[in-house]
Structure formats: structure tokens, C-alpha cells
Peer 1: 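Sharing a structure below in C-alpha cells format, with a few things to ask.
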There are 2 protein chains.
Amino acid sequence: MTTTPAAAPTTDWLRLDQQICFSLNAASRAFGGVYRVILKDLGLTYPQYLVMLVLWEHGELPVKKLGEHLRLDSGTLSPLLKRLETAGLVRRERSARDERSVEVRLTDEGVALRERALQVPRRIMGATGFDIDEIRALRERLDELTGALDSATLEQQP
Amino acid sequence: MTTTPAAAPTTDWLRLDQQICFSLNAASRAFGGVYRVILKDLGLTYPQYLVMLVLWEHGELPVKKLGEHLRLDSGTLSPLLKRLETAGLVRRERSARDERSVEVRLTDEGVALRERALQVPRRIMGATGFDIDEIRALRERLDELTGALDSATLEQQP
DNA sequence: GGCCATTTAGTTGTGTGCAATTTAATTGTG
DNA sequence: CACAATTAAATTGCACACAACTAAATGGCC
């Protein structure tokens, strides 16, 4: 075997691409790892925690609205919500007004869990080593990126 | 400082937390969506593309090393590599020196696919709307974050 | 009122991610 | 050399994501 790989890597675009998507992918999973450890106490997975955050803020929402907040569809949410229901944190009830819709609402237990969740953000912040302003700046950058990527995805589909 | 009884929480840390993890999670999945569209031509998923990027750069390496580059373990890589092998892009062979190890190497077809992949980074860059320097700055920030999160995860596991 | 397109959840199938376990090979130690 | 500890892959089980599809309910439109 020759020691030199296929192509000259100096201005290697694939290598650059590697860096970009690796970084985001790795950061996302590293974040997931930290949340996994911290959320184990609460009996929640990271995506379940995200759902609970939305419910703690809004109290009660149809699956559709929940999905809009989280950019997730029913294919992901339906089984996840079933697990939260089995855990006794939420109830799912067909809306009386529109029987296509399913209202998701917190149980007393689900509301109570919020108290224990209040410590989570501080621990996450500690793990990042970033301060509030740095986090905010990064967040704005990421939202900008997400917006650009979403519109690009839509344009690419016709 | 007494807190408001019911809904209105302190400085709403949970809401802030929501913003942070939502943003990273959303950006990661938005990125995945763009890659999914672009990579469909090549017959690769996004994680498979990441594996191919490493192989295009290094030519051949054991599963262990591949996992270190991608921070993935054999539980993820084994089935993924089987699919790449079925697709005819890689071969997996037990190392003669150390029979515990499995060497992953590109087939001719796998090497050839690199040519078609060369267009991917440009299309991704276009979709982001960011220029090289912005991407690089974001990447450095994310790597910093990942490093902090990883060491925090390790410290928490004694 | 009757019919059809749309909307909303749910289901199915594929592909990760990761923890935990298993199997086989290698290494370290007495 | 024997044998326990370690290491590398693979396997198993669970939980997302997401595309594609199904089923039920609603809303328009004539």
C-alpha cells in the first residue's frame, strides 16, 4: 500500500466539509450525552425533556402544535408521547371540538416534575463552561444557520 | 426573594435552557435534512457520508480508529459498515496481525464515489449562506463546546 | 346534502446512537 | 506455560428521526 491517499489534501473541500458537519454533529451528541447523565435522575430522555419543556411553558397543546415548537412530526411524537403517558407525566385526549386532534396535557405528576427540573439548566451551563452571553451568541448563530438551511431545503424540493 | 406562586417562574431558566438545546438540536437536524437531499444522488445517508469522508482521507483503517475519528462505537458502526459493504463501497477484513481487529477499506467503487462527492461541500456551503470564515468561526466555537461537554461528562461518571 | 381535497394522528419500515452484554483474541503476570 | 485482565467487534435492546402510508375527521364547493 502506498502511504499517500488518493488526492492532494491542501485545499481539500471534502476535508473542510468534514470539519463542519463533524463539529455540529459532535457538539449535538456531546450535548446529548451531558443531558443523558443529568436527566437520568428525572427518568427522562433528552427528547422527552424537550417535550416537557414545551408543556411546562404552555400547559396543554395539541400534538400538531407541539410538533411545530419542536419541529418534529407525529412519527416521532406519537410513540414518545405514549411513553410519557405510560410514565404518568401526560395524558392524551381527543379534542371534543375537532376529533382529529389530540390534546396533550400534563398530569399533576408532570407538573410536579418541573420543580426537580429547575436545577437542570444550571448544571448544563456549568458543563458547557460558557456564560450566558456566549451561549446566547452561539444560539443566535445556530438559529441563523437553521433558518438558512430550512429555506434551502424547501427550495431544493420542487 | 420570594418567587411568584404559580406559572411565572423565576428568570425562567427552563425557558432559556429550552432555547439553547433547541437551537443546537434544530441546527443539527436541519443540517441533516440538507445533507439528506444532497446525498440522495450518491446513495448515502449522512452518517455514511461521514464514514466515507474519513475513509477517503485515510484510505483504510480499523473500525476502532474509525470510531475515534467519528466518536462512534461499534454498536453504531458495525451495522452501518455492513450496509456500506452491501452497497459495494467498502470491504471489511480481519486483520492478519491482530485478529480482534477489522480493517475497513474502500473498494474501487468507493474510491470512485469520491469524485461525485466533490460537489457536495459547495452545495452545502450554498445552503448555509455562510462564508468560509463564518463557518470556521462557528466550527471553532462548537469544538470548544464539545470539548467542555466531554470533560464534564467524564468528570461526572466516577 | 353529497363529494372531494385537506388536515391530523397514528403506523410501518429503515437507519442511526448508545448502553449493556457477548465472543474471540491478545496481553500481562506469576 | 497458565490464566486472569484487557481489548476489539459484534449483538441485543431501547429510543429517537424521518419518509411513506393509512385512517378518520373536517371544510369547501357545487
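The chains referred to below are lettered A, B, ... by the order of the sequence lines, with proteins before strands, and numbering in each begins at 1.
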Peer 1: Write down the distance between CG (A/Leu81) and C1' (C/dG10), rounded to a whole number of angstrom.
Peer 2: 11 Å

Peer 1: When you check the gap from the basic side-chain N to the acidic O, do A/Arg136 and A/Glu140 get nearer than 4.0 Å?
Peer 2: no

Peer 1: To the nearest Å, how far apart are A/Glu85 CD and C/dA9 C1'?
Peer 2: 14 Å

Peer 1: Atom CG of residue position A/Asp108 - does it have more than 12 heavy atoms of other residues, nucleotides or ligands inside 6.0 Å?
Peer 2: no

Peer 1: Looking only at side-chain atoms of A/Pro47, point me to the closest of D/dA17, D/dT6, C/dG10.
Peer 2: D/dA17

Peer 1: How do A/Ser74 and A/Gln48 order along DNA chain D: which one's closest nucleotide is nearer the 5' end?
Peer 2: A/Gln48

Peer 1: May I ask you to evaluate whether B/Arg36 reaches the phosphate of C/dG15, defined as a side-chain N or O under 4.0 Å from OP1 or OP2?
Peer 2: no

Peer 1: Between the base of C/dG15 and the side chain of B/Thr45, is there any donor-acceptor pair under 3.5 Å?
Peer 2: no

Peer 1: So that I can tick it off, tell me whether B/Glu85 and B/Lys82 are bridged by a salt bridge, with the cut-off set at under 4.0 angstrom between side-chain N and carboxylate O.
Peer 2: no

Peer 1: Counting just side-chain N and O atoms, does B/Arg100 come under 4.0 Å of either OP1 or OP2 of C/dT23?
Peer 2: no

Peer 1: May I ask you to verify if any side-chain N or O of A/Arg97 is less than 4.0 angstrom from the OP1 or OP2 atom of D/dT26?
Peer 2: no

Peer 1: In terms of side-chain heavy atoms of A/Arg29, which of C/dA9, C/dG17, D/dC18 is nearest?
Peer 2: C/dG17

Peer 1: To the side chain of B/Pro62, which of D/dA9, D/dT26, C/dG10 is closest?
Peer 2: D/dA9

Peer 1: Verify the contact: side-chain N or O of B/Arg83 to OP1 or OP2 of C/dT16, cut-off strictly under 4.0 Å; return yes or no.
Peer 2: yes

Peer 1: Do A/Leu44 and A/Leu113 have side chains that approach each other closer than 4.5 Å (heavy atoms only, starting at C-beta)?
Peer 2: yes

Peer 1: For a quick check of understanding: with a heavy-atom distance under 4.0 Å over all strands, which category does B/Leu80 fall into, base, sugar-phosphate or nothing?
Peer 2: sugar-phosphate

Peer 1: Between A/Glu103 and A/Arg105, does at least one N-O distance fall below 4.0 Å, as a salt bridge requires?
Peer 2: no

Peer 1: Between C/dG10, D/dA19, C/dT6, spot the one nearest the side chain of A/Asp73, thanks.
Peer 2: D/dA19

Peer 1: Given atom NZ of A/Lys40 and atom C1' of D/dA15, what is their separation to the nearest angstrom?
Peer 2: 15 Å

Peer 1: Please report, rounded to the nearest Å, how far the P atom of C/dG17 is from the CG atom of B/Leu77.
Peer 2: 10 Å

Peer 1: For B/Leu39 and C/dT14, give me the distance from atom CG to atom C1', rounded to whole Å.
Peer 2: 16 Å

Peer 1: Judged by each residue's nearest nucleotide on DNA chain C, which is more toward the 5′ side, A/Asp98 or B/Pro79?
Peer 2: A/Asp98

Peer 1: Taking only side-chain nitrogens and oxygens of B/Thr76, does any of them come within less than 4.0 Å of OP1 or OP2 of C/dG17?
Peer 2: no

Peer 1: Starting at atom CZ of B/Arg71, determine the distance to atom C1' of C/dT16, rounded to an integer number of angstrom.
Peer 2: 16 Å

Peer 1: Just the rounded figure in Å: distance from P of D/dA9 to CG of B/Leu61.
Peer 2: 10 Å

Peer 1: Checking the side chain of B/Ser28 only, and the main-chain atoms of B/Leu24 only, is there a donor and an acceptor separated by less than 3.5 Å?
Peer 2: no

Peer 1: So B/Leu72, base contact, sugar-phosphate only, or nothing? Heavy-atom distance under 4.0 Å.
Peer 2: sugar-phosphate

Peer 1: From the options C/dT11, D/dA25, C/dA9, select the nucleotide whose nearest atom is closest to the side chain of A/Arg94.
Peer 2: C/dA9

Peer 1: How close or far is atom P of D/dA17 from atom CG of A/Leu66, stated in whole angstroms?
Peer 2: 13 Å

Peer 1: Just checking B/Lys82: base, sugar-phosphate only, or nothing, at a heavy-atom cut-off of under 4.0 Å?
Peer 2: sugar-phosphate

